[in-house]
Amino acid sequence: MDWEYTFTQMLLLMINPKKVYTFSQYRHRMKKQWARDDPAFLIVLTFFILITSIAYGIAFSATTLGDMMILTFYGLLSLLGSGVVISTACWYTANKYMRVNDPHGSAAQKVEWLYAFDIHCNSFFVMFLLTHVLQYFLLPFLLRKIFVASIVANTLHFFGLILYLYITHLGYRSMSFLSHTQLFLYPIGMLMLLYLLLTILNFNMTRIVLYLYFA
């Protein structure tokens with residue numbers, strides 16, 4: 001497993017996610033596949049989820065082994081469970097409605113399901129940094145019952161979701177045989193409206209999510 005390449009990808013996802021999908025294009029030209037053939041990225045991401053689950057457990061006095069296992073399960077479910085559902089939906093949509101017919105009659109290309117899952121992992125990683133890691137260090141402020149705390153908390157969560165959609169869009173746009181990949185950006189408008197509504201009503205996403213985890 002290439003750990004250096006994995007951490008390079010994670011760094012690029014934070015500063016220049018387009019470059020990650022340039023590497024995917026290179027891999028397709030060299031190996032005739034879009035998906036990673038190295039599980040290191042998923043392993044590292046799973047490890048990060050385990051560490052943050054322990055950190056949140058300690059912060060909220062969930063110190064028993066059973067509590068930690070439940071928190072880790074929830075964290076992995078958010079990655080793998082949502083990943084299977086979202087990746088399958090995007091994979092199906094891309095292959096069914098976005099593929100462009102080749103006028104030269106060459107073999108039709110299709111989106112690999114594993115590549116759809118790679119795109120999900122890439123997008124999830126950036127969202128995870130905002131809504132899990134950065135949020136953790138801001139918890140003393142975000143949990144306060146003041147309007148400014150709601151603004152910051154909601155900004156973290158909704159900006160994370162917007163970045164998830166944007167990086168997902170980049171992943172599918174990197175495949176030249178797909179068209180109308182801007183479809184993946186359409187939910188951003190609805191997210192912005194929801195962000196404004198929840199913020200005006202002083203709903204705090206950090207408090208809501210943590211209540212669901214620890215209630």
Side-chain angles (χ1 to χ4, degrees), residues 1-49 76-131 158-192:
M1 287 181 282
D2 192 338
W3 303 108
E4 182 179 354
Y5 178 66
T6 294
F7 287 112
T8 298
Q9 282 191 311
M10 289 181 167
L11 178 62
L12 286 173
L13 284 168
M14 292 186 284
I15 60 177
N16 186 12
K18 292 181 181 179
K19 191 70 174 178
V20 172
Y21 294 116
T22 300
F23 292 154
S24 298
Q25 292 172 329
Y26 293 157
R27 180 168 56 247
H28 179 257
R29 293 184 191 128
M30 294 174 60
K31 299 182 178 181
K32 303 302 179 184
Q33 71 177 51
W34 289 93
R36 299 185 186 101
D37 52 6
D38 184 349
F41 190 99
L42 182 60
I43 291 173
V44 172
L45 185 52
T46 301
F47 176 75
F48 286 163
I49 290 174
L76 293 177
L77 184 65
S78 66
L79 169 64
L80 300 176
S82 65
V84 170
V85 174
I86 295 173
S87 301
T88 301
C90 292
W91 165 79
Y92 177 81
T93 301
N95 281 324
K96 183 71 174 180
Y97 300 108
M98 296 181 178
R99 283 196 301 155
V100 178
N101 293 323
D102 189 345
H104 302 291
S106 58
Q109 298 188 66
K110 291 186 177 181
V111 179
E112 304 162 9
W113 187 89
L114 284 177
Y115 184 61
F117 187 73
D118 280 351
I119 292 173
H120 166 74
C121 289
N122 292 340
S123 305
F124 183 90
F125 171 70
V126 178
M127 183 175 69
F128 168 80
L129 292 179
L130 290 173
T131 61
F158 282 92
F159 187 55
L161 288 170
I162 289 172
L163 284 177
Y164 179 94
L165 293 171
Y166 174 68
I167 295 173
T168 296
H169 159 72
L170 291 179
Y172 289 95
R173 194 179 73 176
S174 68
M175 293 179 278
S176 60
F177 59 91
L178 296 181
S179 64
H180 305 299
T181 55
Q182 66 273 16
L183 173 68
F184 296 105
L185 299 176
Y186 288 170
I188 290 178
M190 185 180 299
L191 286 176
M192 293 178 68

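Computed over heavy atoms, backbone and side chain alike; hydrogens, waters and symmetry mates excluded. Each residue takes its place number in the sequence, starting with 1.
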Heavy atoms of Asp2 and Asp38 approach each other most closely as N-OD2, 2.7 Å
Listed partners of Phe128 passing ring pair (Phe, Tyr, Trp, His ring centres under 6.0 Å), at least two apart: His132
Closest non-hydrogen contact found for Tyr166 with Pro17 is CE2-CG, 4.4 Å
Which atom pairs, donor and acceptor, lie under 3.5 Å between side-chain atoms of residues 170-187 and protein residues at least two apart or in another chain?
residue, atom, partner, partner atom, Å
Ser174, OG, Tyr115, OH, 3.1
Ser174, OG, Gly171, O, 2.6
Ser179, OG, Met98, O, 3.3

pair Val84-Thr88: side-chain heavy atoms closer than 4.5 Å: yes
Closest heavy-atom pair, Gln33 versus Arg36, reported as atoms and distance to 0.1 Å, is NE2-C, 4.0 Å
From the options Trp91, Tyr164, Phe124, select the one residue that forms a side chain to side chain contact (heavy atoms under 4.5 Å, CB included) with Ile86. Tyr164
Once you round to the nearest 0.5 Å, how far does CD of Glu112 lie from CG of Asp118? 8.5 Å
Given Ile43 and Thr6, is the side chain to side chain contact (heavy atoms under 4.5 Å, CB included) satisfied, shown in steps? CA-CA 10 Å; Ile43 291 173; Thr6 294; over 6 Å; no
Is there a donor in the side chain of Tyr5 and an acceptor in the side chain of Gln9, or the other way round, less than 3.5 Å apart? yes
Mind checking ring pair (Phe, Tyr, Trp, His ring centres under 6.0 Å) for His28 and listing every partner two or more places apart, or none if nothing turns up? Trp34
Mutual orientation of the aromatic rings belonging to Phe23 and Tyr26 [parallel < 30°, tilted 30-60°, perpendicular > 60°]: tilted
Less than 4.5 Å apart, side chain to side chain, heavy atoms only: is that true for Val20 and Ile167? no
Kindly say whether Lys110 contributes a backbone atom to a donor-acceptor pair with the side chain of Arg99 at under 3.5 angstrom? no
How long is the straight-line distance from CE of Met14 back to CG of Leu129, given to the nearest 0.5 Å? 6.0 Å
Looking at Ala35 and Arg27, what are the two nearest heavy atoms and their distance? O-NE, 3.2 Å
Please name the pair of heavy atoms, one in His120 and one in Ser82, separated by the smallest distance, quoted to 0.1 Å. CE1-OG, 3.6 Å
Taking all non-hydrogen atoms of both residues into account, name the closest pair between Val126 and Leu13 and its distance. CG2-O, 3.6 Å
CE of Met192: more than 12 outside heavy atoms within 6.0 angstrom? no
Is the shortest heavy-atom distance from the side chain of Asn122 to the side chain of Phe41 under 4.5 Å? yes
Would you indicate whether Phe48, at its atom CZ, is surrounded by more than 12 heavy atoms from other residues, nucleotides or ligands within a distance under 6.0 Å? yes
Going through the checks in order, is the ring pair (Phe, Tyr, Trp, His ring centres under 6.0 Å) test met by Trp3 and Phe7? CA-CA 6 Å; Trp3 303 108; Phe7 287 112; 7.2 Å; no
Side-chain contact test, heavy atoms from C-beta onward, threshold under 4.5 Å: evaluate it for Leu42 versus Cys121 and give yes or no. yes
